[in-house]
Peer 1: 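Following this message is one structure expressed as structure tokens.
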Amino acid sequence: MHQETSPEPKHPPTLRKCVALLRSFPSFSALKRIHAHSLRTGVPISHPHFAKHLIFTLISFLPSLPTMPYALSIFSQIHSPDVFTFNTIIRGFSQSPNPSPALSIHRRMLASSTPADTHTYPFLLKACAKLMALREGEKLHCRSFKDGFESSVFVQNTLVHFYAACGLFENAHHVFERMPERNLVTWNSVINGFALNGRPNEALTLFREMMFEDECVEPDGFTMVSLLTACAELGALALGRRVHVFLFKKGLDFNAHVENSLIDLYAKCGRIDDAYKVFVDMCESRNVVSWTSLIVGLAMNGFGNEALEFFAVMEQERLVPTEITMVGVLYACSHCGLVDDGYRYFNRLQQQYNIVPKIEHYGCMVDLLGRAGLVEEAHNYIITMPMAPNAVVWRTLLGACAMHKTLALGEVAWAKLSELDPGHSGDYVLLSNLYASVGRWADVHKLRRNMLKSGVRKKPGHSLVELGNRVYEFVMGDISHPQSDSIYEMLEEIAVKLRLQGYIPRTTNVLADIEEEEKENALNYHSERLAIAFALMNTSPGMPIRIVKNLRVCADCHLVTKLISKIYDREITVRDRSRFHHFRDGSCSCKDYW
DNA sequence: TTAGGGTTAG
């Protein structure tokens with residue numbers, strides 16, 4: 001390969017010393033000294049004898065400075081960078097918030113016929129994983145094989161991570177299965193791949209496999225975080241507690257990531273007291289993620305005011321909130337109907353914390369206004385937003401319109417959604433509920449026909465309930481469970497008791513009829529009712545019941561669950577797609593406002 | 001003188 005043959009610089013050793021100094025005391029002033037020295041001696045900063053050291057030092061030791069544009073400007077002046085220099089600059093970008101230049105630098109590397117080494121592909125695949133650049137990553141997958149890296153455990157591990165990050169956990173698993181050699185990182189990558197892609201049961205199964213089949217690996221903090229994420233997703237409290245005991249025994253509890261995951265686990269299982277206990281025990285290791293997890297957990301569980309109080313304490317402790325913390329704070333305002341507070345926090349987001357509000361923050365404001373019944377104001381907010389509103393924002397407005405029976409604006413939102421995200425079944429459900437709530441039955445039926453004609457199918461609802469060491473899943477009209485007959489008998493018994501309490505079904509959620517027609521028989525029970533019946537049958541009287549649902553609770557099920565909590569004297573917690581409902585003695589913690 | 005995996009929202 002052609003090597004640069006520029007003359008030896010006048011004082012490279014002194015400049016090298018400067019770079020060494022920069023490494024020991026990373027600072028702007030050290031960087032300035034290098035520049036001053038370069039100007040004084042006439043040796044360009046990009047001279048190959050030290051440019052690569054400078055780039056390496058910048059990327060490794062000064063990540064908080066606006067390093068990458070500067071490193072890139074030096075890099076682009078190097079005539080023939082070697083593989084180490086290419087790797088370094090690619091690494092820098094793969095670690096930065098915007099890794100896409102890593103891929104263009106790789107193209108330059110290919111054009112210059114510099115062969116990749118075992119370090120190059122992991123950096124590049126990490127960049128692709130961050131960007132979710134599937135096609136680029138797949139090309140790298142092929143290229144890495146051609147270059148003879150199919151047995152490199154580093155490259156293969158990053159491939160597992162890459163496919164999982166792109167949502168293709170099956171591809172990730174395929175790479176994993178073909179690996180001749182695996183280590184802890186391999187297992188963690190594949191377990192996390194399943195945990196992140198809504199397959200928590202598979203994640204837990206793989207963990208068992210790892211423990212039984214691979215004697216060479218011992219789980220670490222990364223493994224625990226993945227398992228806790230999976231348990232939190234499932235709402236599997238008992239299983240999560242077992243993981244907690246396990247990691248405590250293994251001494252993995254002094255790890256901020258693990259402890260933060262524990263806060264999230266307990267909050268997502270509706271056990272905010274336990275979440276708080278972990279938070280209190282953290283002391284030294286507590287960070288902004290811990291606070292954010294607790295604030296979000298409190299808000300989700302219906303303790304909006306407490307969430308805001310904790311936010312105030314966090315500020316007193318001079319911790320700087322992140323944009324996610326602020327989503328949690330706005331979410332808390334929204335679920336408590338605190339409109340003025342919401343506006344105040346939104347303003348402070350920019351003024352005090354210098355956070356550029358993202359579409360999620362604007363979405364929270366639309367939700368806040370919409371929930372509070374200020375639907376017109378919510379619409380004005382959307383049309384004056386500084387960025388183009390996305391489908392989520394319009395959907396939020398449609399939801400608010402359905403809640404407050406505001407037909408005209410609901411149809412405006414629907415029109416936007418038909419352009420931005422046509423065929424989204426949840427939007428049909430919302431619009432249908434809206435039509436039904438104002439008695440426009442002809443429109444309900446027309447919408448249903450359109451939905452069937454265009455092949456849009458309602459997303460199947462499912463509910464999870466944990467019993468013993470297992471998590472049981474129920475879908476609507478489920479007859480697959482071994483106890484199915486008794487479950488339906490139990491539902492009959494419940495129906496009789498409900499009627500005695502004066503229950504009249506709320507039929508506004510008429511899209512449920514679609515399933516009724518499809519099923520031919522009357523097994524149109526919503527999944528949470530099957531789960532509740534199953535739990536009532538299999539747990540001792542007085543024991544609390546916890547259900548996790550993938551969709552929102554419908555008005556009828558909400559009413560039924562309230563009544564069941566009274567009739568059977570049970571505390572029932574339902575985590576739906578966006579929040580918790582704690583039912584007790586005939587009422588719900590959401591105060592019927594969800 | 002370089003390599004791979006983690007937590008919070010939607």
Side-chain angles (χ1 to χ4, degrees), chain A residues 19 23 52-53 55-57 59-60 82-92 94-95 116-126 129 149 152-162 164-165 172 176 179 182-193 195-196 217 219-229 232 252 255-265 267-268 275 278-279 282 285-297 299-300 321-332 334 358-364 367 390-393 395-396 577-578:
Chain A
V19 174
R23 196 175 299 178
K52 73 176 185 183
H53 298 285
I55 293 173
F56 175 77
T57 307
I59 287 167
S60 308
D82 61 3
V83 64
F84 175 79
T85 316
F86 271 115
N87 286 348
T88 308
I89 194 89
I90 290 172
R91 172 166 68 98
S94 77
Q95 292 163 353
D117 64 12
T118 62
H119 301 270
T120 319
Y121 285 106
F123 294 142
L124 286 168
L125 285 163
K126 189 174 172 175
F149 295 117
S152 158
V153 72
F154 287 106
V155 177
Q156 301 304 304
N157 282 349
T158 339
L159 276 169
V160 172
H161 168 70
F162 158 74
F176 167 81
M179 282 174 70
R182 293 164 184 168
N183 59 20
L184 178 59
V185 178
T186 324
W187 283 102
N188 285 346
S189 302
V190 74
I191 290 172
N192 196 46
L196 288 181
V217 294
D220 65 357
F222 284 84
T223 331
M224 294 304 113
V225 168
S226 298
L227 293 181
L228 292 169
T229 305
L252 295 168
N255 173 324
H257 289 289
V258 172
E259 290 169 301
N260 290 340
S261 299
L262 280 168
I263 296 177
D264 184 49
L265 166 82
K268 286 214 174 108
V278 176
F279 178 85
M282 278 178 84
S285 52
R286 205 181 291 153
N287 59 25
V288 69
V289 177
S290 330
W291 284 91
T292 305
S293 304
L294 187 68
I295 288 166
V296 171
M300 245 178 19
T322 66
E323 52 186 48
I324 303 175
T325 319
M326 297 315 290
V327 169
V329 167
L330 295 175
Y331 182 88
S334 174
K358 288 172 66 176
I359 197 147
E360 286 83 354
H361 299 107
Y362 287 98
C364 283
D367 191 49
N390 61 12
V392 178
V393 171
R395 192 165 294 134
T396 306
R577 208 187 53 206
S578 73

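Per chain, numbering begins at 1; letters A, B, ... match sequence-line order.
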Peer 1: Is the ring centre of A:Y121 less than 6.0 Å from the ring centre of A:F154?
Peer 2: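 That pair fails the under 6.0 Å test.
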
Peer 1: Output all residues satisfying salt bridge (Lys or Arg N to Asp or Glu O under 4.0 Å) with A:R395, sequence neighbours left out; order by chain, then residue number.
Peer 2: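 Scan of A:R395 (salt bridge (Lys or Arg N to Asp or Glu O under 4.0 Å), adjacent residues dropped) gives A:D421, A:D427.
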
Peer 1: Going by side-chain contact (heavy atoms from CB on, under 4.5 Å), name the residues that satisfy it together with A:S285, two or more places apart in sequence or in a different chain.
Peer 2: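 Only A:A256, A:E259, A:M282 meet the side-chain contact (heavy atoms from CB on, under 4.5 Å) criterion with A:S285.
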
Peer 1: Between the base of B:dG6 and the side chain of A:D220, is there a donor and acceptor pair under 3.5 angstrom?
Peer 2: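 Counting by modelled atom types and ignoring angles, no donor-acceptor contact under 3.5 Å is found here.
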
Peer 1: With the side chain of A:V392 defined as its heavy atoms from C-beta on, choose the nearest nucleotide among B:dG10, B:dG4, B:dT2.
Peer 2: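 Output: B:dG10.
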
Peer 1: Any donor-acceptor pair under 3.5 Å joining the side chain of A:N255 to the base of B:dG6?
Peer 2: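 Between B:dG6 and A:N255, which were checked side chain against base, a qualifying N/O pair under 3.5 Å is present.
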
Peer 1: Among the candidates B:dG6, B:dT2, B:dT7, find the nucleotide nearest to the side-chain atoms of A:N192.
Peer 2: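 Nearest to the side chain of A:N192 among the choices is B:dG6.
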
Peer 1: As a test of reading the structure: which of B:dG10, B:dA3, B:dT7 is closest to the side chain of A:P122, going by heavy atoms?
Peer 2: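 Per side-chain heavy atoms of A:P122, the pick is B:dA3.
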
Peer 1: Identify whether any heavy atom of A:T88 sits under 4.0 Å from a base atom; if not, whether one sits that close to sugar-phosphate; answer base, sugar-phosphate or nothing.
Peer 2: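 Counting heavy atoms under 4.0 Å across all strands, no contact is made by A:T88.
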
Peer 1: Measuring from the side chain of A:F154 (C-beta onward, heavy atoms only), which nucleotide among B:dA3, B:dA9, B:dT2 has the closest atom?
Peer 2: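 Within the option list, the nearest is B:dA3.
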
Peer 1: Tell me, do A:C364 and A:M326 make a side-chain contact under 4.5 Å, heavy atoms counted?
Peer 2: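 When only atoms from C-beta onward are counted, A:M326 and A:C364 do not touch, as no gap falls below 4.5 Å.
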
Peer 1: Using atom CH2 of A:W187 as one end and atom C1' of B:dG4 as the other, report the distance to the nearest whole Å.
Peer 2: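 After rounding, the reported distance stands at 17 Å.
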
Peer 1: With the side chain of A:I324 defined as its heavy atoms from C-beta on, choose the nearest nucleotide among B:dG6, B:dT2, B:dT8.
Peer 2: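 Out of B:dG6, B:dT2, B:dT8, the nucleotide with an atom closest to A:I324's side chain is B:dT8.
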
Peer 1: Would a 4.5 Å heavy-atom cut-off, applied to side chains only, mark A:P321 and A:T292 as touching?
Peer 2: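 When only atoms from C-beta onward are counted, A:T292 and A:P321 do not touch, as no gap falls below 4.5 Å.
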
Peer 1: Using the side-chain heavy atoms of A:V225, tell me which of these nucleotides is nearest: B:dG6, B:dA9, B:dT2.
Peer 2: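 When the side chain of A:V225 is considered, B:dG6 is the closest of B:dG6, B:dA9, B:dT2.
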
Peer 1: Please pick, from B:dG10, B:dT8, B:dT2, the nucleotide with the shortest atom-to-atom distance to any side-chain atom of A:Y331.
Peer 2: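 The nucleotide sitting nearest to the side chain is B:dG10.
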
Peer 1: Can you tell me if A:K126 touches the phosphate of B:dA3, counting only side-chain N or O atoms and a distance under 4.0 Å to OP1 or OP2?
Peer 2: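 False: A:K126 side-chain N/O out of range (4.0 Å or more) of B:dA3 OP1/OP2.
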
Peer 1: Among B:dT7, B:dA3, B:dA9, which is the nearest nucleotide to the side chain of A:N260?
Peer 2: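 Ranking B:dT7, B:dA3, B:dA9 by closest atom to the A:N260 side chain puts B:dT7 first.
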
Peer 1: Any side-chain N or O of A:K268 under 4.0 Å from OP1/OP2 of B:dA9?
Peer 2: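 Indeed, a polar side-chain atom of A:K268 lies that close.
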
Peer 1: Among the nucleotides B:dT1, B:dG10, B:dA9, which one has an atom lying closest to any side-chain atom of A:V296?
Peer 2: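 My answer, after comparing the listed nucleotides, is B:dA9.
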
Peer 1: To the side chain of A:E360, which of B:dG10, B:dA3, B:dT7 is closest?
Peer 2: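 For A:E360, the side-chain atoms sit closest to B:dG10.
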
Peer 1: Base, sugar-phosphate, or nothing: which does A:V190 touch, judged by heavy atoms less than 4.0 Å apart?
Peer 2: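 No contact.
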
Peer 1: Check every strand shown and say whether A:G221 touches a base, only sugar-phosphate, or nothing at a heavy-atom separation below 4.0 Å.
Peer 2: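 The answer is base, as A:G221 lies within the cut-off (heavy atoms under 4.0 Å) of a base atom.
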
Peer 1: Does the structure show A:H119 stacking with B:dT2, if we require the centres to be closer than 5.5 Å and the planes to be within less than 30 degrees of parallel?
Peer 2: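 Aromatic stack with B:dT2 present for A:H119.
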
